[in-house]
Amino acid sequence: MKDAVAALFERALDQLIADNIINSVDRKPVHIENTRDPAHGDLATNVAMMHAKAAQIAPRALAEKLIEHLPASEAIEAVEIAGPGFINVRLAKGAAFEPVVRCLTERDQFGLHPTTKERVQVEYVSANPTGPLHVGHGRGAAYGATLVNLLKARGHQVEAEYYVNDAGRQMNILAVSVYLRYLETTGEAIVFPSAGYQGQYIAELGDTLHDNTGNSIAIAFHDLIKDVTPDSETTKDAHIDGLIQSAKEALGDRWNLPFNLALHSILEDIQDDLSEFGANFDQWFREKSLVTSGEIDQAIATLEARGYLFEKGGALWFRSTDFGDDKDRVVRRDNGETTYFASDIAYIANKFSRGFDRIIYVWGADHHGYIVRIKAAAEALGFDPERLTIRLVQFAILYKEGERLQMSTRSGSFVTLRELRDDVGRDACRYFYVMRKADQHLDFDLSLATSQTKDNPVYYIQYAHARICRVLEGLNETPFDEAHGLNHLTELTTQDELDLATAVGRFPEVVKKASDSLEAHLICYYLQELAADFHRWYNGTRLLVDDLQVRDARLALATAVQIVIRNGLDLLGVSAPRSM
RNA sequence: GCGCCUGUAGCUCAACCGGAUAGAGCAACGGCCUUCUAAGCCGUAGGUUGCAGGUUCGAUUCCUGCCAGGCGUGCCA
């Protein structure tokens with residue numbers, strides 16, 4: 001409806017331009033907005049004020065001219081000028097319930113937009129496969145998954161991807177941690193490195209390794225540690241690197257056994273976890289593939305050829321300062337190893353080579369220092385950095401009964417995503433994680449998330465849906481005739497009913513805005529408002545009345561609300577229960 | 001030090017790319033169940049939008065400075 005009205009005003013603008021009242025270079029697009037105050041009609045536009053200055057005409061006078069040239073439309077009942085030059089539009093009575101008709105026609109397609117040709121990639125979570133996902137990853141997972149849904153609803157062709165860091169030093173640390181726990185199960189007395197991975201799951205993997213291989217890959221701990229730098233606060237990195245080196249030499253090819261066991265079982269755990277959370281991926285992209293395919297070397301060669309690399313202190317540097325970075329970045333260390341950043345460069349080249357029109361990264365907010373350099377890399381490789389979007393997700397702070405939950409990754413006593421899901425359920429998790437703007441801190445109140453009251457927005461919205469379902473199921477001998485209801489929508493006369501129909505009509509534009517701005521929380525706010533409108537109506541108006549025309553009209557409206565809630569919750573990955 | 005983000009009711013947050021009288025929920029107070037789920041609804045109260053300037057018809061929104069908080073700032077991953 002907004003679009004239709006906007007089109008009318010565009011035509012009026014055409015006319016004023018044709019009449020030389022407005023210069024075509026000064027033209028600005030018509031923006032139609034919903035009014036807040038019913039006294040201002042249904043829709044309003046500031047188009048007259050926007051053009052008044054350039055046209056050198058008083059806003060209200062210009063508004064008058066616009067209205068003069070506004071094409072006639074059945075949908076519009078009245079147009080008036082108000083305030084400093086707003087043009088308020090009052091829609092015809094019949095038009096107010098048009099969204100209900102549309103919603104019942106389109107059903108689960110209602111709110112979706114036409115397919116575009118745009119190919120979008122969303123990469124999210126991408127946590128190192130060195131341990132189970134924790135609650136910090138949960139928000140990125142919920143936000144990314146919702147983003148994928150929103151972009152699809154917008155009509156884009158979307159691919160979801162998880163970047164698996166299976167080639168870095170952290171993986172070696174993981175593997176050596178598992179190997180040491182394995183040695184313990186063979187009866188070796190070991191001293192666990194302070195920089196190793198601590199969690200219980202490491203010991204379990206050590207057990208599994210022992211089950212698989214027996215004592216066949218065991219070596220004496222004192223041999224392993226013989227030439228290794230001692231462990232201390234300042235040398236713990238050298239210590240663990242030494243252990244890795246020593247284990248690799250001792251095991252040869254069999255180093256793959258702890259390495260692959262750890263990688264595969266943890267990755268599998270992450271995959272199950274995300275799948276149960278409703279966060280789905282089309283592609284699990286391996287960092288290692290960039291190594292084996294030679295893409296890292298290739299990317300470095302490309303930067304070299306373009307003159308963005310230089311050598312200093314035995315290392316190879318990328319001159320990212322040419323693109324606004326604070327300092328230049330190393331891509332190959334003096335020991336010959338490429339850095340993590342080098343992989344990132346190759347990865348972004350790989351993404352662009354796959355032909356995406358838009359590439360979206362969802363990162364934890366602690367990575368914000370990387371934005372400039374990754375964009376710099378894209379630009380240096382000759383890609384358009386405008387096609388690259390990086391969205392940051394702030395951490396969620398967990399509260400339980402008003403107390404902040406302390407999280408310590410050091411001791412391995414973090415709360416896992418799985419524990420959180422077991423505790424509050426998938427629906428509340430998915431909803432709470434995205435209910436606030438992604439780049440803002442989020443207070444995640446566990447007590448609230450599990451409470452079954454109207455204070456809990458998830459229950460509040462789901463309850464509205466369940467109420468509608470129960471009404472529709474609770475019919476007596478005369479079944480609900482939807483077409484009959486749609487033919488008698490004029491029986492809906494109260495302000496509550498008008499408000500509700502208007503709210504239904506807003507859904508498609510909310511989806512559009514949420515998708516275009518990548519702001520998933522807008523869906524949450526919208527659904528809460530819709531549910532509130534419904535509860536208010538339901539409380540004051542009996543739906544199952546004897547007059548079948550009235551009854552079916554009300555049931556049609558209720559069905560529209562039911563559909564919108566279901567579609568909206570679906571975007572969020574939250575279920576819409578039929579009864580509660 | 002430098003860079004990014006944030007500052008709106010007592011609390012948690014909105015505010016439709018600059019619009020009309022800044023809105024919800026919680027907490028507080030007062031009402032509503034013989035009727036489709038009270039897991040709900042209605043009402044009252046609550047504000048110098050961190051501070052000071054600037055841009056213009058109009059600023060919570062854009063610009064500058066200051067104050068406060070968060071995060072980042074490795075030949076780490």
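Lettering follows sequence order; numbering is per chain, from 1.
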request  = Using the aromatic ring of A:Phe86 (for Trp, its six-membered ring), decide whether it stacks on the base of B:G19 within the limits of 5.5 Å and 30°.
outcome  =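 A:Phe86 vs B:G19: stacking no.
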Ring-on-base stacking B:G70 with A:His441 (under 5.5 Å, under 30°) =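 Stack criterion not met.
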Quiz item: [X] side-chain donor-acceptor pair to [N] base, under 3.5 Å:
X	N	answer
A:His368	B:G3	yes
A:Asn46	B:G19	yes
A:Tyr370	B:A77	yes
A:Asp344	B:A77	no

ask   = So, is B:C33 syn or anti if syn means the angle is within 90° of 0?
value =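 In terms of base orientation relative to the sugar, B:C33 is syn.
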message = Give me the distance, rounded to whole Å, that separates B:G47 from B:A24 when you measure between the P atoms they each carry.
response =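 One P to the other, the span is 15 Å.
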key: Test salt bridge (Lys or Arg N to Asp or Glu O under 4.0 Å) applied to A:Arg430 - qualifying residues, sequence neighbours left out   =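 In terms of salt bridge (Lys or Arg N to Asp or Glu O under 4.0 Å), with neighbours along the sequence ignored, A:Arg430 is linked to no residue.
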Figure out the [atom1]/[atom2] separation between [X] and [N], and round it to whole Å.
X	N	atom1	atom2	answer
A:Trp537	B:C36	CH2	P	16 Å
A:Arg542	B:C36	CZ	P	6 Å
A:Asp546	B:U35	CG	C1'	12 Å

remark   = Dot-bracket assigned to RNA chain B with the 3.5 Å Watson-Crick/G-U criterion, [ ] for crossing and | for other-strand pairs, is (((((((..((((.....[...)))).(((((.......))))).....(((((..]....))))))))))))....
ask   = Tell me the side-chain hydrogen bond (donor to acceptor under 3.5 Å, both in side chains) pairs involving residues 330-344 of chain A, sequence neighbours left out?
value =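 Residue pairs with at least one partner in residues 330-344 of chain A: A:Asn165-A:Tyr340, A:Glu287-A:Ser343, A:Arg333-A:Glu337.
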Contact list for residues 308-320 of chain A, test side-chain hydrogen bond (donor to acceptor under 3.5 Å, both in side chains), sequence neighbours left out =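 Sorted pair list: A:Ser320-A:Asp325.
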ask   = Which salt bridge (charged side-chain N to carboxylate O under 4.0 Å, His left out) pairs, counting each pair once, include a residue from residues 44-66 of chain A, with sequence neighbours left out?
value =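 Listed by first then second residue: nothing to list.
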query = Is the shortest side-chain N/O distance from A:Tyr197 to OP1 or OP2 of B:A77 below 4.0 Å?
reply =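 For B:A77, neither OP1 nor OP2 has a side-chain N or O of A:Tyr197 closer than 4.0 Å.
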message = Under the ring-ring contact (aromatic ring centres under 6.0 Å, His included) definition, can you give me all pairs with a residue in residues 27-61 of chain A, not counting sequence neighbours?
response =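 Residue pairs passing ring-ring contact (aromatic ring centres under 6.0 Å, His included), neighbours aside: none found.
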